[in-house]
Amino acid sequence: MQFGVVSLFPDMVGTIGEFGVVGRAQQRGLILLATENPRDHTDDAHRTVDDRPYGGGPGMVMKFQPVADALQAAKSRLPAACPVVYLSPQGRVFDQAMAKRFSALPGLLLLAGRYEGIDERLLESHIDEEVSLGDFVLSGGEIAAMAVIDAVVRLLPGVLGDDESALQDSFMQGLLDHPHYTRPEEIAGRRVPDVLLSGDHAEIAKWRLQQALGRSFLRRPDLLEKLDLDDGQRRLLDEFLKEQSQ
Ligand code: 4FM
């Protein structure tokens with residue numbers, strides 16, 4: 001899969017390809033990451049990419065032309081029909097389902113803005129989808145673009161090993177993950193739950209599902225409401241809540 005990112009800080013975006021899962025995916029040729037800087041699409045001596053907002057007020061707005069030209073240049077080096085995604089708090093909230101949808105595409109072109117925003121006419125003429133990581137304000141879209149790329153890359157075939165890909169299951173099922181433990185068995189009087197030491201893999205799987213259901217109910221009831229629990233899951237959750245209340 002090919003990713004393009006239009007950003008005034010291309011070196012920042014490039015660092016995602018240096019580490020961990022995404023780094024390995026890039027080394028192995030499973031993804032291509034290319035950046036395009038609007039500043040390289042200016043023709044004045046100061047290489048101006050921003051201007052004052054019409055109507056006044058504080059801050060600056062990204063100029064139409066350098067961003068439009070950078071998007072065009074990035075597009076020309078990506079597969080045809082790559083959607084252009086703008087990262088901003090005004091967008092639809094990113095989730096695992098959106099990551100999965102993006103992961104089926106041949107490529108994705110992400111626009112990371114800076115300053116107070118981009119000229120609205122860019123949204124109308126050049127942007128297919130506006131996406132938000134959540135209800136908070138970053139200093140620019142780069143970290144959001146990097147988060148989207150990271151979440152998408154881990155879903156691409158062959159990127160995660162067999163061990164790692166099992167880890168996807170919990171959130172992929174729409175639930176929070178279960179608790180994790182490693183050695184030693186006891187830390188300051190806190191013991192690893194007995195079931196995890198039992199070697200009974202069916203019981204362990206049941207306990208993990210129960211923990212995932214219970215934590216989702218307590219911390220993220222919105223996630224559980226989207227699911228249609230079967231009788232077995234319902235019973236596990238009821239049992240969790242009964243034990244919780246004792
Ligand atoms: C976006 C700053 C555009 C400047 C931002 C411009 C954000 C978020 C975010 C800040 N992006 N989810 N939340 N961006 O805060 O995606 Cl021009």
Side-chain angles (χ1 to χ4, degrees), residues 1-17 19 21-22 31 33-42 44 46-75 78 82-103 105 107-155 171 219-220 222-223:
M1 180 167 181
Q2 288 186 246
F3 295 91
V5 184
V6 167
S7 163
L8 290 172
F9 300 110
D11 292 349
M12 181 177 173
V13 174
T15 60
I16 46 169
F19 309 99
V21 167
V22 179
I31 61 160
L33 181 62
T35 55
E36 194 66 41
N37 191 340
R39 209 174 286 285
D40 296 332
H41 297 270
T42 54
D44 65 315
H46 292 105
R47 312 229 289 157
T48 310
V49 292
D50 62 332
D51 205 346
R52 290 164 299 148
Y54 277 119
M60 299 292 271
V61 175
M62 284 184 94
K63 287 170 68 65
F64 182 96
Q65 174 265 317
V67 173
D69 291 353
L71 285 170
Q72 200 45 57
K75 264 195 163 176
L78 289 170
C82 287
V84 183
V85 170
Y86 175 55
L87 286 312
S88 98
Q90 280 71 50
R92 245 194 69 215
V93 177
F94 186 66
D95 63 7
Q96 195 65 23
M98 204 185 285
K100 209 168 174 188
R101 172 162 63 85
F102 289 163
S103 73
L105 297 167
L108 198 58
L109 179 48
L110 300 156
L111 172 58
R114 283 273 155 174
Y115 312 111
E116 302 314 305
I118 59 174
D119 190 297
E120 186 66 18
R121 291 162 293 187
L122 277 165
L123 279 144
E124 296 160 6
S125 58
H126 285 72
I127 304 299
D128 297 304
E129 200 164 335
E130 197 169 358
V131 170
S132 170
L133 286 196
D135 293 337
F136 49 85
V137 180
L138 301 168
S139 306
E142 284 80 6
I143 290 174
M146 292 160 79
V148 167
I149 293 171
D150 188 285
V152 170
V153 169
R154 5 183 335 103
L155 296 176
F171 219 113
R219 301 179 193 186
R220 293 292 306 279
D222 58 305
L223 291 182

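Order of appearance sets the numbers: ligands from 1, and atoms from 1 within every ligand. Just so it is clear, the values below take in all heavy atoms, side chains as well, and ignore hydrogens, waters and symmetry mates.
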Asks: Would you mind listing which atoms of ligand 1 come within a distance below 4.0 Å of any non-hydrogen atom of Gly117?
Replies: 17 (Cl)
Asks: Rounded to the nearest 0.5 Å, what separates atom CG in Leu33 from atom CD1 in Ile31?
Replies: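 Atom-to-atom, Leu33:CG and Ile31:CD1 are 6.0 Å apart.
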Asks: Can you tell me the protein heavy atom closest to atom 6 (C) of ligand 1 and the distance?
Replies: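 Protein heavy atom with the smallest distance to atom 6 (C) of ligand 1: Gly113 C, 3.5 Å.
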Asks: Which heavy atom of Leu8 sits nearest a heavy atom of Arg39, and at what distance?
Replies: CD2-N, 4.1 Å
Asks: For the 3.5 Å polar cut-off, considering only N or O atoms, please tell me whether Phe136 and ligand 1 meet it.
Replies: yes
Asks: If you have a sec, work out which protein heavy atom is nearest atom 12 (N) of ligand 1 and how many Å separate them, to one decimal?
Replies: Leu133 N, 2.8 Å
Asks: If you count the atoms of ligand 1 from 1 in the order shown, which ones are under 4.0 Å from a heavy atom of Val137?
Replies: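 Answer, ordered by atom number: 15 (O).
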Asks: Which residue and atom name correspond to the protein heavy atom nearest atom 15 (O) of ligand 1, and how close is it?
Replies: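 Minimum-distance protein heavy atom for atom 15 (O) of ligand 1 reads Leu138 N, 2.8 Å.
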Asks: Which heavy-atom pair separates Glu36 from Ala74 by the least distance, and what is that distance?
Replies: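 The answer is CB-CB, 4.1 Å.
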Asks: Would you mind telling me if ligand 1 is within reach of the side chain of Ala144, the backbone, both or neither, using heavy atoms under 4.0 Å?
Replies: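 Looking at Ala144 and ligand 1, just side chain atoms fall under 4.0 Å.
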Asks: From Met98 CE over to Arg92 CZ, what is the distance, rounded to the nearest 0.5 angstrom?
Replies: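 So the CE of Met98 and the CZ of Arg92 are separated by 3.5 Å.
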Asks: Among protein heavy atoms, which sits nearest to atom 4 (C) of ligand 1, and what does the distance come to when rounded to 0.1 Å?
Replies: Tyr115 O, 3.2 Å
Asks: Please say whether Pro89 places an N or O atom under 3.5 Å from an N or O atom belonging to ligand 1.
Replies: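 N/O-N/O distance under 3.5 Å: no.
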Asks: Might you point out which heavy atoms bring Pro10 and Thr35 nearest each other, and give the distance in Å?
Replies: CB-OG1, 3.4 Å
Asks: If you take all heavy atoms of Val5 and Leu109, which pair is closest and at what distance?
Replies: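 Answer, listing the atom of Val5 first, then Leu109: N-CD1, 4.2 Å.
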Asks: Please report, to 0.1 Å, the donor-acceptor pairs under 3.5 Å made by any side chain of residues 127-153, with sequence neighbours excluded.
Replies:
residue	atom	partner	partner atom	Å
Asp128	OD2	Val84	N	2.8
Glu129	OE1	Arg101	NH1	3.3
Glu129	OE2	Arg101	NH2	2.6
Glu130	OE2	Ser88	OG	2.6
Ser132	OG	Gly134	N	3.0
Ser132	OG	Gly134	O	3.1
Glu142	OE1	Arg114	NE	2.9
Glu142	OE1	Arg114	NH2	3.0
Glu142	OE2	Ser7	OG	2.7

Asks: If the cut-off is 4.0 Å to any non-hydrogen atom of Ser132, which atoms of ligand 1 fall inside it?
Replies: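 The atoms of ligand 1 under 4.0 Å from a heavy atom of Ser132 are 12 (N), 13 (N), 16 (O).
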Asks: Considering only protein heavy atoms, which is closest to atom 17 (Cl) of ligand 1, and at what distance to one decimal place?
Replies: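 Residue, atom and distance for the closest contact: Arg114 O, 2.9 Å.
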Asks: Of the protein's non-hydrogen atoms, which lies at the shortest distance from atom 3 (C) of ligand 1, and what is that distance?
Replies: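 Result for atom 3 (C) of ligand 1: Tyr86 OH, 3.3 Å.
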Asks: At less than 4.0 angstrom from any non-hydrogen atom of Leu87, what atoms of ligand 1 do you find?
Replies: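 Here the atoms of ligand 1 in question are 1 (C), 3 (C), 11 (N), 16 (O).
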Asks: Atoms of ligand 1 less than 4.0 Å from Gly134 heavy atoms?
Replies: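 Near Gly134, meaning under 4.0 Å from one of its heavy atoms, ligand 1 has 13 (N).
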Asks: With rounding to the nearest 0.5 Å, note down the distance linking CZ in Phe64 to CE in Met62.
Replies: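 Output value for this atom pair is 12.5 Å.
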Asks: At their closest point, which heavy atom of His126 faces which heavy atom of Leu71, and how far apart are they?
Replies: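 Reported closest heavy-atom pair: CB-CD1, 3.8 Å.
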Asks: Please write down residue, atom name and distance for the protein heavy atom closest to atom 2 (C) of ligand 1.
Replies: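 So the nearest neighbour among protein heavy atoms is Gly140 CA, 3.5 Å.
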Asks: If you measure from each non-hydrogen atom of Phe94 to ligand 1, which part falls under 4.0 Å: side chain, backbone, both or neither?
Replies: neither
Asks: Please round to the nearest 0.5 Å and tell me the distance separating atom CG of Asp51 and atom CE of Met60.
Replies: 5.5 Å
